[in-house]
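Quick note on labels: first sequence line is chain A, next is B, and so on, each numbered from 1. These numbers were taken from a predicted model, which means no experiment stands behind them.
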Protein chains: 2
Amino acid sequence: MADEHTLSPVQQKFILHWGEMGAQWGVNRTVAQIHALLFISPRPLHAEEITDTLGVARSNVSNSLKELQGWGIVRRVHVMGDRRDHFESLKDVWELFRTIADERKKREVDPTLAVLRDCIAESTKTGAPDSYTEGKLRELLGFFETTTGWYSQLRGWSPSALSRLASMGDKALKLLGVSPG
Amino acid sequence: MADEHTLSPVQQKFILHWGEMGAQWGVNRTVAQIHALLFISPRPLHAEEITDTLGVARSNVSNSLKELQGWGIVRRVHVMGDRRDHFESLKDVWELFRTIADERKKREVDPTLAVLRDCIAESTKTGAPDSYTEGKLRELLGFFETTTGWYSQLRGWSPSALSRLASMGDKALKLLGVSPG
DNA sequence: CGGAGGTTTCTGTGAATACTGAAAGAAACG
DNA sequence: CGTTTCTTTCAGTATTCACAGAAACCTCCG
């Protein structure tokens with residue numbers, strides 16, 4: 001291909017690290033690498049550029065792109081005068097992580113809430129010979145309910161509002177008449 | 001063994017789900033299951049009880065326990081009149097997740113910060129022919145620095161303080177003279 | 001010092017997952 | 001329509017990861 005890319009050492013380093021990070025968090029290494037590449041690319045790339053740059057199979061790129069689109073952090077765009085699909089990552093870091101958090105909540109936290117409620121319901125219904133388990137599940141449920149409640153509040157706020165709030169630190173609490181302890 | 005355990009359907013359901021969740025987040029399924037079992041167990045268990053209850057190999061249990069101890073969420077305890085090691089999970093949900101968060105930060109976020117700083121340093125040093133990448137890496141670094149800053153502030157606060165703060169919602173911002181937008 | 005109870009390490013095997021290359025399938029163009 | 005260009009699906013392969021079972025290793029006790 002004409003528009004072959006070679007990555008700078010810095011780009012390589014970042015992409016490789018991002019791949020490792022992804023793996024640690026349950027994301028396929030290649031998927032994470034492709035995302036890293038798109039994230040630092042100043043323009044949308046088509047699949048074959050990605051194939052060449054990362055040295056993985058074309059089909060692998062195709063599937064990985066589909067997964068990234070499923071996460072909502074990569075989208076297809078079209079470039080004038082080029083039939084091929086091009087792909088670009090969400091470019092705003094805050095929006096990026098908010099999207100990922102939303103998706104993880106939907107995929108993992110919400111089902112967990114459902115399971116916990118189920119377990120607790122069943123446990124109380126059946127007369128519960130072991131109340132210890134039930135108590136613990138209740139605590140867990142309480143934790144998830146509280147934290148997801150916080151999240152849904154905060155996710156509407158802008159980064160700058162949050163950062164101003166955070167920079168006030170403990171003073172904020174004092175002002176609000178809330179003690180940290 | 002004498003003290004054989006059979007799990008109630010509810011316990012099974014929870015343990016299996018916890019295992020799946022773990023897998024999604026990059027934790028070995030068995031490791032997560034063992035943790036779930038210990039979490040809902042009213043007393044410390046020894047390795048063989050775990051083996052019998054979950055139906056996995058003794059050695060697997062041993063390794064998994066070691067990993068859980070590495071995460072700091074399970075510890076060895078001794079039971080009077082029993083030579084065997086017993087194991088128990090952190091029981092307080094908030095402490096549990098704080099411990100996990102601390103550990104993930106140490107293992108994954110901190111190295112990422114280091115890599116980003118490295119990349120940026122190298123990029124500026126070498127005269128940076130591609131400033132786009134550098135800019136993006138800076139944004140990413142800023143994001144991680146800000147959020148970890150928040151985390152280290154908040155992790156000292158008690159759940160109840162946090163929940164009082166959160167329950168005030170947008171009112172808190174108004175009081176502080178910060179607009180959400 | 002020898003043996004019993006308990007724990008960890010090690011090696012081979014099995015299962016899951018990621019990946020490739022080829023073939024089939026669409027869409028655009030002449 | 002037939003051809004070209006591009007994308008996706010599919011089936012087989014490789015690699016990685018989890019796991020079991022055996023062996024080795026402690027530690028306590030008589």
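Salt-bridge formation is detected for the pair B/Arg117/B/Glu145: a Lys NZ or Arg NE/NH1/NH2 atom is positioned less than 4.0 Å from an Asp or Glu carboxylate oxygen. The pair A/Glu122-A/Lys125 does not count as a salt bridge, with every side-chain nitrogen at least 4.0 angstrom from each carboxylate oxygen.
Distance, A/Leu45 CG to D/dT7 P: 13 Å, rounded to whole Å. At whole-Å resolution of the value, CD in A/Glu20 and P in D/dT16 are 12 Å apart. The distance between atom CD of B/Glu49 and atom C1' of C/dT7, rounded to the nearest whole Å, is 16 Å. The distance between atom CG of B/Leu65 and atom C1' of C/dT7, rounded to the nearest whole Å, is 11 Å. Regarding A/Gln33, its CD atom lies at a distance of 12 Å from the C1' atom of C/dA18, rounded to whole Å. B/Asp85 has its CG atom 20 Å from the P atom of D/dC25, to the nearest Å. Atom pair A/Asp82:CG and D/dT4:P shows a separation of 19 Å (rounding to whole Å applied). Between the C1' atom of C/dT7 and the CD atom of B/Glu48 lies a distance of 11 Å, rounded to the nearest Å.
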- Kindly indicate, with the supporting measurements, whether the criterion side-chain contact (heavy atoms from CB on, under 4.5 Å) is fulfilled by B/Leu96 and A/Phe143. CA-CA 11 Å; B/Leu96 175 65; A/Phe143 172 81; over 6 Å; no

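Heavy-atom contacts from other residues, nucleotides or ligands closer than 6.0 Å to CZ of A/Arg75 number 12 or fewer.
Residues meeting the salt bridge (charged side-chain N to carboxylate O under 4.0 Å, His left out) test with B/Glu95, sequence neighbours left out: none.
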Contacts table for residues 101-116 of chain B: side-chain donor-acceptor under 3.5 angstrom, sequence neighbours left out:
{"from": "B/Asp102", "atom 1": "OD1", "to": "B/Tyr151", "atom 2": "OH", "distance (Å)": "2.6"}
{"from": "B/Asp102", "atom 1": "OD1", "to": "B/Arg155", "atom 2": "NH1", "distance (Å)": "2.9"}
{"from": "B/Asp102", "atom 1": "OD2", "to": "B/Arg155", "atom 2": "NH1", "distance (Å)": "2.2"}
{"from": "B/Glu103", "atom 1": "OE2", "to": "B/Arg107", "atom 2": "NE", "distance (Å)": "3.0"}
{"from": "B/Glu103", "atom 1": "OE2", "to": "B/Arg107", "atom 2": "NH2", "distance (Å)": "3.3"}
{"from": "B/Arg104", "atom 1": "NE", "to": "B/Glu108", "atom 2": "OE1", "distance (Å)": "2.9"}
{"from": "B/Arg104", "atom 1": "NH1", "to": "B/Trp25", "atom 2": "O", "distance (Å)": "3.0"}
{"from": "B/Arg104", "atom 1": "NH2", "to": "A/Gln24", "atom 2": "O", "distance (Å)": "2.9"}
{"from": "B/Arg104", "atom 1": "NH2", "to": "B/Trp25", "atom 2": "O", "distance (Å)": "3.3"}
{"from": "B/Lys105", "atom 1": "NZ", "to": "B/Asp110", "atom 2": "OD1", "distance (Å)": "3.0"}
{"from": "B/Glu108", "atom 1": "OE1", "to": "A/Trp25", "atom 2": "NE1", "distance (Å)": "3.2"}
{"from": "B/Thr112", "atom 1": "OG1", "to": "A/His17", "atom 2": "NE2", "distance (Å)": "2.9"}
{"from": "B/Thr112", "atom 1": "OG1", "to": "B/Glu108", "atom 2": "O", "distance (Å)": "2.7"}

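Between B/Lys66 and C/dT7 there is no side-chain N or O to OP1 or OP2 distance below 4.0 Å.
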Short N/O separations, protein against nucleotides 19-29 of chain C, under 3.5 angstrom:
{"from": "C/dC19", "atom 1": "OP1", "to": "A/Thr30", "atom 2": "OG1", "distance (Å)": "2.4"}
{"from": "C/dC19", "atom 1": "OP2", "to": "A/Asn28", "atom 2": "OD1", "distance (Å)": "3.1"}
{"from": "C/dC19", "atom 1": "OP2", "to": "A/Asn28", "atom 2": "ND2", "distance (Å)": "3.1"}
{"from": "C/dC19", "atom 1": "OP2", "to": "A/Thr30", "atom 2": "OG1", "distance (Å)": "3.0"}
{"from": "C/dC19", "atom 1": "O5'", "to": "A/Asn60", "atom 2": "ND2", "distance (Å)": "3.3"}
{"from": "C/dT20", "atom 1": "OP2", "to": "A/Ala57", "atom 2": "N", "distance (Å)": "2.7"}
{"from": "C/dT20", "atom 1": "OP2", "to": "A/Asn60", "atom 2": "ND2", "distance (Å)": "2.9"}
{"from": "C/dG21", "atom 1": "N7", "to": "A/Ser59", "atom 2": "OG", "distance (Å)": "3.4"}
{"from": "C/dG21", "atom 1": "O6", "to": "A/Ser59", "atom 2": "OG", "distance (Å)": "2.9"}

